[in-house]
Amino acid sequence: MTDTLTKTAGANAPINDTRKAELLSKQVKHIDIKSFDARPIVDAMSDMSFTSRDLGRATKIYNDMLADKDCTVVLVIAGSTSAGGCMDLYAELVRNKMVDVIVATGATIVDMDFFEGLGHKHYQALEVPDDDTLRSLYIDRIYDTYIDEQQLQDCDFTINKIAESLEPKPYSSRAFIREMGKYLVEHGKKDNSLVKLAYEHDVPIFCPAFVDSSAGFGLVKHQVDAAKEGRPYMVLDAIADFRELTQIKIEAGTTGLLMIGGGVPKNFIQDTVVCAEILGHEDVEVHKYAVQITVADVRDGACSSSTLQEAASWGKVNTGIEQMVFAEAGSVMPLLASDAYHRGHWKDRAKRGWAKLFA
């Protein structure tokens with residue numbers, strides 16, 4: 001047996017390390033929105049039609065959110081744009097006060113951002129062999145992007161390590177993710193981590209389906225090990241997630257949504273208006289501004305594709321200042337974010353620090 005066959009996968013099958021290294025040879029490079037000025041492109045697209053015009057209007061609405069001194073901006077992320085090259089883009093939005101609250105999928109926060117914060121990488125698929133072959137090499141695939149499963153398991157065990165270090169009591173996803181940010185400040189290997197920067201800038205991150213990610217494995221192991229040893233363990237409180245995010249909505253007043261994808265994060269943030277009303281705050285404002293970038297087809301009846309106009313019927317969104325952009329977010333978010341960065345409305349924004357609300 002050659003020394004290129006050193007690790008095992010599955011039922012003690014050998015991993016061909018040489019072949020694995022070939023497939024994981026080109027790292028995904030995350031786009032830097034500061035390195036180019038998209039304003040002339042977006043201005044030109046605004047005078048076009050179809051998706052180009054939609055993007056132009058969506059970018060203007062986002063700039064209006066940033067220019068509105070009363071507006072709290074909520075970044076909502078579903079899908080795999082972080083793995084695909086937008087990770088540093090989202091980090092810059094936090095660093096430059098261009099978002100105040102984040103609602104995302106667990107995969108975005110854990111499998112992608114926290115994963116790279118630990119020093120691991122995503123890779124471009126230079127070729128896509130049979131997926132059974134990828135499994136034999138412990139390589140996970142997201143379309144044309146690769147992740148080393150063995151590195152992802154390091155992420156799982158790190159989540160378990162954080163859980164083991166905490167007082168055994170209920171935590172909202174926001175509270176647990178804050179502990180992840182604290183861990184990266186002390187042990188992380190990447191400055192441009194969204195989780196780390198959110199911790200440092202008091203930007204709360206909510207993941208309403210947190211365990212539907214790599215975090216789930218680490219947290220299950222934490223509970224199982226603790227139960228076997230007869231000791232108490234921490235739990236995630238999903239109700240606290242909803243209560244805390246609704247509290248921010250009540251305190252913030254005017255809000256704007258920048259939504260990438262849809263699904264649970266989209267519905268979760270929109271529902272805060274209804275929840276506030278149920279709690280007796282009948283004067284709560286609907287979300288004043290809303291932009292959604294998605295490729296979901298409106299004909300499939302899914303939450304990801306339900307239009308912002310439809311959300312107005314539920315009393316969630318203002319129909320006057322909203323824009324749907326039907327495009328793959330990784331291809332248009334760099335233009336929108338670069339435009340907003342270079343227009344500079346963020347320079348005059350006050351830091352919200354909503355995480356301090358729960359200190």
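In this text, all values refer to a predicted model and were calculated from it rather than measured experimentally.
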Under 4.0 Å between a Lys/Arg side-chain N and an Asp/Glu carboxylate O for [X] and [Y]?
X      : Y      : result
Lys161 : Glu164 : no
Asp70  : Lys288 : no
Asp339 : Arg343 : yes
Asp148 : Lys20  : yes
Arg135 : Asp131 : no

Contact summary for [X] and [Y], nearest pair of heavy atoms:
X      : Y      : answer
Phe242 : Cys275 : CZ-CB, 3.7 Å
Val325 : Ala58  : CG2-CB, 3.6 Å
Ala78  : Gly262 : CB-O, 3.4 Å
Ala240 : Ser172 : CB-CB, 3.9 Å
Met45  : Leu55  : CE-CD2, 3.7 Å
Ala355 : Pro204 : N-CD, 3.6 Å

Greater than 12 external heavy atoms within 6.0 Å of [X]'s [atom1]:
X      : atom1 : answer
Asp212 : CG    : no
Glu127 : CD    : yes
Arg19  : CZ    : yes
Phe36  : CZ    : yes
Lys121 : NZ    : yes
Phe217 : CZ    : no
Lys60  : NZ    : no

Worked check of side chain to side chain contact (heavy atoms under 4.5 Å, CB included) between Leu24 and Ile139:
CA-CA 9 Å; Leu24 302 181; Ile139 295 175; 4.1 Å; yes

How are the rings of Phe358 and Phe206 set to each other: parallel, tilted or perpendicular (split at 30° and 60°)?
perpendicular

In terms of ring plane angle, is the pair Tyr183 and Phe114 parallel, tilted or perpendicular, where the classes change at 30° and 60°?
tilted

Between Arg95 and Asn192, is a side chain to side chain contact (heavy atoms under 4.5 Å, CB included) present by the stated rule, with each step listed?
CA-CA 9 Å; Arg95 178 180 280 116; Asn192 230 22; 2.6 Å; yes

Whether [X] side chain and [Y] backbone form a donor-acceptor pair below 3.5 Å:
X      : Y      : answer
Asp241 : Ser173 : yes
Ser80  : Ala83  : no
Lys249 : Gln270 : no
His287 : Ile269 : yes
Asp68  : Asp64  : no

Please say yes or no: joined through hydrophobic side-chain contacts below 4.5 Å, possibly via intermediate residues, are [X] and [Y] part of one cluster?
X      : Y      : value
Leu357 : Val74  : yes
Met180 : Phe115 : no
Leu336 : Met87  : no
Val28  : Leu194 : no
Val332 : Val291 : yes

To the nearest 0.5 angstrom, please state how far the [atom1] atom of [X] sits from the [atom2] atom of [Y].
X      : Y      : atom1 : atom2 : value
Asp237 : Arg174 : CG    : CZ    : 11.0 Å
Met112 : Ile77  : CE    : CD1   : 10.0 Å
Lys347 : Leu66  : NZ    : CG    : 12.5 Å
Gln292 : Gln323 : CD    : CD    : 11.0 Å
Asp191 : Leu197 : CG    : CG    : 8.0 Å
Asp100 : Asp202 : CG    : CG    : 11.5 Å

CA sep, side-chain torsions, deciding dist, call: Val94, Leu75, side chain to side chain contact (heavy atoms under 4.5 Å, CB included):
CA-CA 10 Å; Val94 169; Leu75 175 66; 5.9 Å; no

Considering only heavy atoms from C-beta outward, does the side chain of [X] approach that of [Y] to under 4.5 Å?
X      : Y      : value
Val73  : Lys97  : no
Phe210 : Ile177 : yes
Met234 : Phe176 : yes
Leu134 : Pro129 : yes
Thr133 : Leu137 : yes
Thr81  : Glu328 : yes
Ser213 : Ile109 : no
Gln124 : Asp144 : no

Given the options His30, Lys189, Gln151, Glu116 meets side-chain hydrogen bond (donor to acceptor under 3.5 Å, both in side chains) only with His30

My understanding is that only residues two or more places apart in sequence, or in another chain, count here; which of them pass side chain to side chain donor-acceptor pair (under 3.5 Å) with Asp140?
none

Please test Lys34 against Asp88 for salt bridge (charged side-chain N to carboxylate O under 4.0 Å, His left out), starting from the C-alpha separation and ending with a verdict.
CA-CA 10 Å; Lys34 299 181 297 183; Asp88 289 354; over 6 Å; no

Apply side chain to side chain contact (heavy atoms under 4.5 Å, CB included) to Phe326 and Thr294, showing your working.
CA-CA 5 Å; Phe326 291 99; Thr294 182; 3.9 Å; yes

With sequence neighbours excluded, give me every side chain to side chain donor-acceptor pair (under 3.5 Å) pair touching residues 350-359.
Thr72-Trp354

How about Tyr90 and Asp113: does a side-chain donor come under 3.5 Å of a side-chain acceptor?
no

